[in-house]
Amino acid sequence: ENREAVLNFKSNRLTEALEEANALFDGVSRAREAALDAQFLVLASNIGKEKANELHSEMSAFDSTAYAEDLLTFMGINRTEETDGDSEDDSGGFLPRDAWKKVGEEALKYFRRAPVFHFMLGSFKSEPPVPKQRIERQKKASRGKAKQAMPAQLKKMEESHQEATEKEVERILRILQTYFENDPNIPISFFDFVIDPNSFARTVENMFHVSFLIRDGLARIKLDEDELPVIEPTKPSGGAEEDSRPGARNQVIIRLDQREWK
Amino acid sequence: QVIELVQFLLVKDQKKIPIKRAEMLKNVIREYRDAYSEIVNKAGKTLKEVFGLQLVEIDSKRHIYILINNLPCTEGKYLCRDEEKEKMGLLLIILSFIFMKGNSVKDSALWEFLHLLRVYPGKPHPVFGDVRKLVTEEFVRQKYLEVTAIPLTDPQEFKYQWGPRAEQEISKKDVLNSVAKIQGKDPTFWASQYSEAEA
């Protein structure tokens, strides 16, 4: 424990201790005591080595206590008259807030330290979460507005389209109903109904419109004896109920290409 | 690749932890392994000419590098945050103590000395916080200090010496001069330290 004291090159304590051990060893009779003695010798030799080291390099004594005192002065310590017994301030007085900064500024003059690199606009690592969210929100906000302007326009167009489609569908329904009125209870051949002998495109369009009628339950497709599809308008009354039965709807997929059409 | 390496080194240096060659290879050079030494040399040149920094290999066996300032120390203000300043102040004092005491001190001696400056390992410091961590971990990781265990000590004791970064960034002469300045004495007052510093 008293290493520091022993190490002080002015002291003879090590020698004294060794001499004491020597004297004690004469009285040793048990192995354990001999082991202790050996341990002591190891410790002593370590200390001896350290002392030798210190002798070598400490030709000029360096008084660290004085150095510390001078440092405190340099840091701007305010030495007060009273010495509080229980505080840790050994020498009394307290250090100003910038005490260590002062030392630091002095230190920086001597260090060839590479200045720590900072991105001018701030480093990425610590900041991304916050600005990113803001950017994203802003983007979303501006995008939302732009979209709204567009859909407004589109809606109008789509509506006009839809209206056109609906009109067509209605027209076809009326034609179908007219045909049927002439020949009630005889469903019309599907192909007769939709095919336009002059235009393939129109034929497809007709099929498209008819499919709306079917979907809305306003017309029905059945297969007749020849396995050919026929179409007939559904009766307005009671039709809705019937068609709500799960199995009531039939789906027909018809493939038609230009050759067939011809 | 050179520019990428330069940027990589600058960013890595922020924490002042030395950079390993393996890290450079993995993150920047990758496919260009064969041109490694050429790239590193060119990067070093860029760092010197553009930034005034020097790329120094502090461990030639394990290939570890640090960045130091190539420009001479100026009397003018060195721009850095207060926190950094304060740490450097503490570091200078520790390095001075080690040097003046013969280049190696026991941890107990170091802490005994720091006590005199109101710095205690067990007590959170108003400026430095966990001082023990700062000294034994941060300064050591940054290679400013080197700590070695003293054999055959129970409980285990350690000794502190200058680390390779300290050797590169500061000279014994400057340290002695700073001590002399603080104590209002001439550096030649400490003869053996003086001759060692002049060597």
Side-chain angles (χ1 to χ4, degrees), chain A residues 1 3-4 7 39 42-43 45-47 49-50 53-75 77 87-91 93-95 97-119 123-125, chain B residues 10-11 13-14 16 53-54 66-71 73 75 78-80 82 84-93 96-97 100-104 106 108-109 112-113 115-118 120 123 127-128 152-153 168-171 174-175 177-179 181-184 189-194:
Chain A
E1 328 78 60
R3 251 188 132 100
E4 275 301 310
L7 273 173
Q39 231 180 346
V42 170
L43 265 176
S45 67
N46 268 339
I47 295 179
K49 183 175 100 163
E50 279 182 47
N53 274 342
E54 292 223 348
L55 268 178
H56 181 262
S57 55
E58 209 181 330
M59 278 186 290
S60 326
F62 175 65
D63 188 348
S64 45
T65 316
Y67 179 49
E69 282 293 316
D70 291 333
L71 272 172
L72 289 172
T73 311
F74 181 81
M75 290 198 256
I77 191 171
S87 72
E88 316 89 20
D89 298 346
D90 314 3
S91 52
F94 65 97
L95 286 168
R97 300 199 84 221
D98 66 342
W100 285 101
K101 243 192 282 174
K102 266 203 203 130
V103 190
E105 270 172 25
E106 180 69 18
L108 287 171
K109 292 186 202 160
Y110 304 104
F111 278 101
R112 278 172 61 186
R113 186 171 153 102
V116 180
F117 182 70
H118 291 296
F119 292 101
S123 98
F124 285 128
K125 286 198 188 125
Chain B
L10 284 170
V11 172
D13 184 63
Q14 285 177 339
K16 294 294 168 193
L53 301 175
Q54 199 180 346
I66 56 167
L67 281 182
I68 63 171
N69 207 328
N70 203 34
L71 302 170
C73 300
E75 269 296 319
Y78 175 98
L79 288 171
C80 77
D82 286 345
E84 208 182 311
K85 240 184 243 188
E86 290 159 341
K87 282 186 191 171
M88 298 310 285
L90 178 64
L91 181 64
L92 176 68
I93 292 174
S96 307
F97 179 70
M100 296 304 282
K101 280 291 202 181
N103 296 313
S104 172
K106 280 200 323 302
S108 49
E112 210 177 291
F113 169 68
H115 269 223
L116 300 172
L117 298 170
R118 325 284 175 80
Y120 313 96
K123 186 167 169 258
V127 172
F128 300 113
L152 301 174
T153 49
Q168 289 289 329
E169 286 192 10
I170 194 168
S171 71
D174 283 330
V175 164
N177 284 340
S178 82
V179 172
K181 180 174 164 183
I182 300 267
Q183 296 219 258
F189 180 76
W190 297 274
S192 61
Q193 286 90 336
Y194 182 75

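In this text the structure is predicted, and so the values were computed from the model without any measurement. Naming convention: chains lettered A, B, ... in sequence-line order (proteins, then strands); numbering from 1 in each chain.
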Fill in: Atom pair CD (Q183(B)) and CG (D70(A)), whose distance is rounded to the nearest 0.5 Å
4.5 Å
Item to complete: Kindly give the heavy-atom pair with the smallest separation between K101(B) and F62(A), and that separation in Å.
Response: NZ-O, 3.9 Å
Worksheet item: How are the rings of F128(B) and W100(A) set relative to one another: parallel (under 30°), tilted (30 to 60°) or perpendicular (over 60°)?
Response: perpendicular
Worksheet entry | Residue part contacting chain B, namely of Y67(A), when any heavy atom lies under 4.5 Å | both
Worksheet, complete the sentence: Cut-off 4.5 Å, heavy atoms of chain A, and the answer for K181(B) is side chain
Practice prompt. Before giving the answer on side chain to side chain contact (heavy atoms under 4.5 Å, CB included), spell out for I77(A) and R118(B) the whole-Å C-alpha distance, their side-chain angles and the decisive distance to 0.1 Å.
Written response: CA-CA 11 Å; I77(A) 191 171; R118(B) 325 284 175 80; 3.2 Å; yes
Worksheet item: About how many Å separate CD of E86(B) and CD of E105(A), when rounded to the nearest 0.5 Å?
Response: 10.0 Å
Worksheet entry | Which atoms of A66(A) approach chain B - backbone, side chain, both or neither, heavy atom under 4.5 Å | both
Fill in: From K85(B) atom NZ to E106(A) atom CD, the distance as rounded to the nearest 0.5 Å
12.5 Å
Practice prompt. Find the distance between CG (N69(B)) and CZ (F111(A)) and round it off to the nearest 0.5 Å.
Written response: 13.0 Å
Response to the item:
Scanning both residues in full, the closest heavy-atom pair of A68(A) with F113(B) reads CB-CE1, 3.9 Å
Discussion item. If you compare all heavy atoms of T65(A) against all heavy atoms of L116(B), which two are closest, and at what distance to 0.1 Å?
Written reply: CA-CD1, 3.9 Å
Worksheet item: Got a second to check how far R97(A)'s CZ is from D82(B)'s CG, nearest 0.5 Å?
Response: 10.5 Å
Worksheet item: What heavy-atom pair brings L95(A) and L117(B) nearest, and what distance separates the two atoms?
Response: CD1-O, 4.3 Å
Discussion item. Out of I93(B), L90(B), V127(B), return the one with the most heavy atom pairs under 4.5 angstrom to chain A.
Written reply: I93(B)
Worksheet item: Between T73(A) and chain B, which part of the residue has a heavy atom less than 4.5 Å away: side chain, backbone, both or neither?
Response: neither
Item to complete: Using modelled atom types only, decide if a donor and an acceptor are shared between the side chain of K102(A) and the backbone of G89(B) within a distance under 3.5 Å.
Response: no
Worksheet item: What's the shortest heavy-atom distance between A114(A) and L53(B), and which atoms?
Response: CB-CD2, 3.5 Å
Practice prompt. Assess whether atom CZ of F74(A) is packed by more than 12 heavy atoms of other residues, nucleotides or ligands within 6.0 Å.
Written response: yes
Response to the item:
From the list Q168(B), E169(B), Q54(B), side-chain hydrogen bond (donor to acceptor under 3.5 Å, both in side chains) partner of R112(A) resolves to Q54(B)
Item to complete: Can you measure from OG (S64(A)) to CD (E112(B)) and round to the nearest 0.5 angstrom?
Response: 8.0 Å
Worksheet item: What part of V175(B) lies closer than 4.5 angstrom to a heavy atom of chain A: side chain, backbone, both or neither?
Response: neither
